[in-house]
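Model, not experiment: these values are computed from the prediction. Residue numbers start from 1 in every chain, and the chains themselves are labelled A, B, ... in the order their sequence lines are given, proteins ahead of strands.
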Amino acid sequence: MMSVNVKLDVKMAWRNIWRNTRRSVLTISAICFACMILVFMLSFQLGSYETMINASVNMSTGHLQVQSAGYHKKKSMRLVVSQPGEIGGILEKIPGIAAYTFRANAFSLVSSNKRSRGVLVTGIDPEREACVSTIKTMISHGRYLEQSDTNQVIVGNLLAKSLRVKPGDELTILGQGRDGSIAATAVIVKGILSSGIDAFDRSTMQIPLQYFQAVYSMGDAVHEVVITAKSLKKVSKIKKDIQKGIDAAGRGNGLVVLDWMELIPGLLQGIEMDLVSGMIMYLVLIIVVAFSILNTFLMSIFERTREFGMLMAIGTTPGRLIKLVLIESMSLTLVGIVLGIVCGSLITLFFQSHGIDMSGSSEFMKQYGIPARLYPRLSLVSALVGPAAVFVITFLAALFPAVGIRKLKPVEAMTHI
Amino acid sequence: MNNIVELEKIKKTYLQGKVDIPAINNVSLSIKKGGFVAIAGPSGSGKTTLLNIIGGLDQPDSGTVRVDGEKFETLTPSRLAELRLFKIGFVFQAYNLIPVLSAAENVEFVMLLQGIPKKERLRKAHAILDDVGLSGKYNRRPAELSGGQQQRVAVARAIVSNPSIVLADEPTANLDSKTGQGLLELMKTMNKEKKVTFVFSTHDKMVMDYAGRLVRLRDGSIFDDQSK
């Protein structure tokens with residue numbers, strides 16, 4: 001019986017929607033447009049965040065790092081990861097890790113024939129580094145480091161410009177070793193890299209790790225074990241596994257595992273800020289649509305006051321009338337939402353395969369090495385969260401005029417002008 | 001108890017701006033089961049108000065109303081709605097039908113509210129539409145029916161569940177005389193065959209002629225009550 005009643009209610013609601021075709025089409029279009037924008041924009045935002053994170057981690061930090069406790073804040077030469085090979089052995093056993101490498105850093109004074117600059121010199125394992133970061137692909141002049149290289153160096157193009165050096169020129173490095181001794185060496189510029197990120201190109205100087213360890217009296221120690229994950233989603237699981245492995249090996253006291261959010265908090269804050277400003281924009285959009293829908297529902301009820309009076313007179317309870325009106329408004333909303341999800345998903349899928357050119361992008365994007373072409377990424381979350389919010393707010397907008405029916409009295413309603 | 005309607009000392013006043021306008025003034029009236037009664041009077045005489053009070057659509061300021069033994073003043077609004085659904089049929093002057101439903105669906109609607117199963121609803125709706133001369137027009141929507149046909153659907157809807165009484169507020173007011181006469185013939189037939197009590201409000205001479213009893217109102221009071 002209930003299903004039969006609902007069937008007639010739905011039939012009435014559906015026919016009532018099309019009593020004023022133009023108004024219903026306009027309202028459905030507004031809902032559809034809002035949902036379409038929400039699906040596309042959320043997919044674009046979430047997709048670009050993943051691109052931003054991957055671009056940033058591939059450029060410098062990796063998804064995860066194992067460091068000596070306190071190193072991330074102090075960058076002290078003495079806070080090292082000793083026996084990094086043991087850590088490497090632990091990492092080899094953990095599924096989901098794409099690659100890992102070792103790095104060591106030292107602030108030093110670097111001089112060319114003409115100029116001197118304070119620089120963070122980084123020791124890298126050329127082969128492993130090429131699997132973890134994209135730096136090898138950014139060499140604009142000269143060549144990238146090889147495993148057999150010793151006193152050779154890769155320099156950022158702005159730093160090279162500042163020092164006035166080119167491939168083949170000599171640089172002198174003067175710093176402090178891990179044991180407090182003076183670290184000094186002369187190196188040859190092998191290649192110059194251009195990442196397009198000014199801050200990176202102004203400060204990068206990389207030398208082979210073994211040579212670094214020798215110059216800076218590091219022994220076999222490093223400062224960072226840099227890890228990339230096969231998928232961003234697996235990072236937190238891998239972090240736990242690494243921590244477990246380190247603890248099991250008895251290295252848990254002195255070492256910490258940091259994820260990309262801890263390593264580059266500025267990126268996370270940027271994403272959060274963008275997400276919040278996006279949410280505010282979406283909320284405004286939904287509220288504007290809700291008002292338009294509220295207007296439609298109010299008009300629709302106002303126009304049919306006499307009809308409601310007659311329905312109450314013949315024994316329809318106000319509760320049933322409210323149910324009828326809500327079925328009507330929600331059917332209208334659902335049509336708009338479904339159309340919006342379909343259109344939004346199709347548009348998103350198109351740009352997901354073709355990308356969106358962002359070459360005129362802001363400094364913020366440049367800062368994190370985000371590529372010029374961004375790709376939205378359609379997911380269940382991006383396709384449904386926005387439309388679900390539209391549904392909830394529209395339901396509340398529809399509830400207001402519907403509940404007003406409760407106040408109607410049959411005689412007054414039937415004589416309503 | 002042979003009376004279907006019993007009104008005792010009914011008073012009803014409307015507030016128009018700051019002035020009280022008496023609509024019904026101390027009216028007492030009894031209507032027998034199976035009656036075919038017209039309540040007549042000029043505009044503003046209180047006939048529609050009286051009909052609304054009998055139908056439980058409006059409440060009197062004082063006095064008692066009993067329909068089929070139910071005393072209205074003791075009923076909650078939802079019980080009153082239930083009473084209207086099961087015991088009272090309505091035919092209004094206009095805006096009688098649900099525009100988005102077909103003739104059969106309009107008739108079915110009341111039965112649906114009463115919880116009658118689909119099969120029985122359909123059978124009864126078609127049968128009653130046949131009775132009121134609308135065979136083959138089951139699926140027409142109100143906009144596809146003439147004014148007279150719409151009123152016939154309204155009558156069909158009013159009597160389909162065998163109510164105790166049908167209240168018709170100026171049912172012929174929007175119809176031409178020939179169509180109006182046809183509608184009255186139909187209601188008279190239903191009154192005779194199905195023993196349904198009909199009470200009209202009207203100022204139409206033809207309706208008054210058809211009535212078995214004519215109650216005349218003037219300024220909210222009964223000044224004439226004749227049975228034929």
Residues two or more places apart in sequence or in another chain: which of them pass side chain to side chain donor-acceptor pair (under 3.5 Å) with A:Q45? A:Y49, A:D274, A:Y282
Is it true that atom CE of A:M273 has more than 12 heavy atoms of other residues, nucleotides or ligands lying nearer than 6.0 Å? no
Select one option (side chain, backbone, both, neither) describing which atoms of B:E108 are under 4.5 Å from chain A's heavy atoms. neither
Can you confirm whether A:T317 sits close enough to B:E82 that some side-chain heavy atom of one is under 4.5 Å from a side-chain heavy atom of the other? no
Should the heavy atoms of other residues, nucleotides or ligands under 6.0 Å from OH of A:Y375 be counted, would the total exceed 12? yes
Residues from residues 341-350 of chain A approaching chain B under 4.5 Å (heavy atoms): none
Should we count CZ of A:F291 as having more than 12 external heavy atoms under 6.0 Å? no
For B:D204, check side chain to side chain donor-acceptor pair (under 3.5 Å) against everything at least two apart and list the hits. B:T172
Quick check: closest heavy atoms across B:F92 and A:A313, and the distance to 0.1 Å? CZ-CB, 3.6 Å
Close side-chain approach of B:F109 to A:M12, heavy-atom, < 4.5 Å: yes
For the residue pair B:L101 and A:R15, what are the closest heavy atoms and their distance? CA-NH1, 3.8 Å
In terms of heavy-atom pairs under 4.5 Å with chain A, which of B:V110, B:I98, B:I88, B:L83 leads? B:I98
Side-chain heavy atoms of B:Q59 within contact of A:K409, under 4.5 Å: no
Which answer fits B:S161, side chain, backbone, both or neither, if we ask what part of it has an atom under 4.5 Å from a heavy atom of chain A? neither
Measuring from A:M312:CE to B:L80:CG, what's the distance to the nearest 0.5 Å? 11.0 Å
Taking the side chain as C-beta and beyond, is there a heavy-atom pair between B:L57 and A:M414 under 4.5 Å? yes
How about CD on B:E8, more than 12 heavy atoms from neighbouring residues, nucleotides or ligands closer than 6.0 Å, or not? no
B:R79, CZ atom: more than 12 neighbouring heavy atoms under 6.0 Å: yes
Quick one: does B:R84's side chain get under 4.5 Å of A:I314's, heavy atoms only? no
Mark yes when over 12 heavy atoms from residues, nucleotides or ligands other than A:L380 sit less than 6.0 Å from its CG; otherwise mark no. no
Can you check whether anything in residues 40-54 of chain B gets within less than 4.5 Å of chain A, heavy-atom wise, and list it by number? B:N52
In terms of heavy-atom pairs under 4.5 Å with chain A, the winner among B:G56, B:P99, B:S78 is B:P99
Near B:D219 CG, under 6.0 Å, is it more than 12 heavy atoms from other residues, nucleotides or ligands? no
Above 12 or not: heavy atoms from other molecules or residues under 6.0 Å from NZ of B:K137? yes
